[in-house]
Amino acid sequence: MTIDGVQFLCKVCDGYTRKQMWAWKFKKPGVNCGIGICLRTGDICWAEGSHLGPYHDLTMYRQCLKAYLEDDEMVSADKGYRGDETVSTPYTQTEAEQALSKIHRARHETVNCRMKMYVALDTEFRHGIVKHGHVFRTVATLVQLAIEID
């Protein structure tokens, strides 16, 4: 599975401060979500969100996905996930693995782009973090259905 974090704009809400929700990518308040794509099929097999903007991708992986992996399983990710023995990143891969990983990450970025085609995720969300998580997982389901149709 390839995994990646995706950030979305979100108004300050639910009693949080601007600093607690600060998303480095936008330099505004936001939320961070994670998505996982099956290497073999290209299907979305993990969708996690929404977490406060500064919540790091690697922390999300460790707290929300890692426990579900078998002892011999690993995930593939970008350089932001460096530092965990169960994550294969460009720093730990051979040249041949990196070439294949680039193809997988490109497919993953296509899914991220499809997710942001939905206005609810592409514009500043104003209904709270919990509702954003529901919307994110709903959109992930819709994108998966579109993948199956294509």
Side-chain angles (χ1 to χ4, degrees), residues 1-39 41-70 73-93 98 101-148 150:
M1 163 185 340
T2 58
I3 57 172
D4 195 16
V6 189
Q7 289 192 326
F8 301 98
L9 288 172
C10 187
K11 288 207 180 276
V12 175
C13 54
D14 298 337
Y16 295 108
T17 65
R18 273 179 78 78
K19 185 176 182 179
Q20 289 173 311
M21 291 188 65
W22 195 256
W24 58 269
K25 181 178 180 178
F26 303 116
K27 297 183 177 36
K28 288 183 174 183
V31 293
N32 199 12
C33 301
I35 193 153
I37 310 294
C38 177
L39 292 174
T41 64
D43 292 341
I44 297 172
C45 53
W46 177 66
E48 175 64 36
S50 299
H51 299 279
L52 298 177
Y55 197 77
H56 194 274
D57 294 345
L58 184 58
T59 304
M60 187 182 331
Y61 163 72
R62 286 177 172 159
Q63 293 180 355
C64 304
L65 179 63
K66 184 177 178 178
Y68 295 100
L69 298 179
E70 298 292 332
E73 285 185 309
M74 293 182 72
V75 296
S76 178
D78 60 22
K79 296 175 183 178
Y81 288 85
R82 154 179 71 186
D84 194 290
E85 67 281 351
T86 61
V87 179
S88 174
T89 67
Y91 295 115
T92 62
Q93 297 169 338
Q98 283 183 13
S101 186
K102 283 181 184 179
I103 294 168
H104 292 146
R105 281 198 312 271
R107 181 172 58 184
H108 201 115
E109 291 302 323
T110 301
V111 170
N112 290 354
C113 183
R114 282 183 166 200
M115 296 283 290
K116 292 183 178 186
M117 289 172 58
Y118 288 83
V119 175
L121 295 179
D122 193 42
T123 57
E124 188 173 40
F125 196 80
R126 55 190 170 101
H127 303 290
I129 292 175
V130 173
K131 287 185 180 177
H132 188 279
H134 296 315
V135 170
F136 176 75
R137 285 184 290 280
T138 300
V139 169
T141 302
L142 293 171
V143 169
Q144 175 56 41
L145 289 171
I147 289 169
E148 289 176 12
D150 288 348

Could I get the full list of side chain to side chain contact (heavy atoms under 4.5 Å, CB included) partners for Thr59, not counting sequence neighbours?
Tyr55, His56, Gln63
When you compare the side chain of Val111 with that of Ile44, does any pair of heavy atoms fall below 4.5 Å?
yes
Ile37 versus Cys45, closest heavy-atom pair with distance
C-SG, 4.0 Å
Which residue pairs pass the salt bridge (Lys or Arg N to Asp or Glu O under 4.0 Å) test with at least one member in residues 109-118, sequence neighbours excluded?
Arg114-Asp150
Checking Ser76 now: which residues fulfil side chain to side chain contact (heavy atoms under 4.5 Å, CB included) with it, not counting sequence neighbours?
Thr2, Gln93, Ser101
Do you know the tightest heavy-atom contact between Ile129 and Cys13?
N-SG, 4.0 Å
ring-ring contact (aromatic ring centres under 6.0 Å, His included) pairs touching residues 126-147, sequence neighbours excluded, are Phe8-His132, Phe8-Phe136, Phe125-His127, Phe125-His132
Who passes side chain to side chain donor-acceptor pair (under 3.5 Å) against Tyr61, sequence neighbours left out?
Thr86
Can you name the side chain to side chain donor-acceptor pair (under 3.5 Å) partners of Asp43, sequence neighbours left out?
Thr41, Gln144
Any salt bridge (Lys or Arg N to Asp or Glu O under 4.0 Å) involving residues 77-92? Give me the pairs, sequence neighbours left out, ordered by first then second residue.
Arg62-Asp84, Lys66-Asp84, Lys66-Glu85
Set of side chain to side chain donor-acceptor pair (under 3.5 Å) partners for Gln7, sequence neighbours left out:
none
Hey, could you give me each pair passing side chain to side chain donor-acceptor pair (under 3.5 Å) that has a residue in residues 18-30? Not counting sequence neighbours.
Thr17-Gln20
Kindly state each residue pair satisfying salt bridge (Lys or Arg N to Asp or Glu O under 4.0 Å) with at least one member in residues 123-137, sequence neighbours excluded.
Lys11-Glu124
Which residues pass the side chain to side chain contact (heavy atoms under 4.5 Å, CB included) test with Thr92, not counting sequence neighbours?
Ser88, Thr89
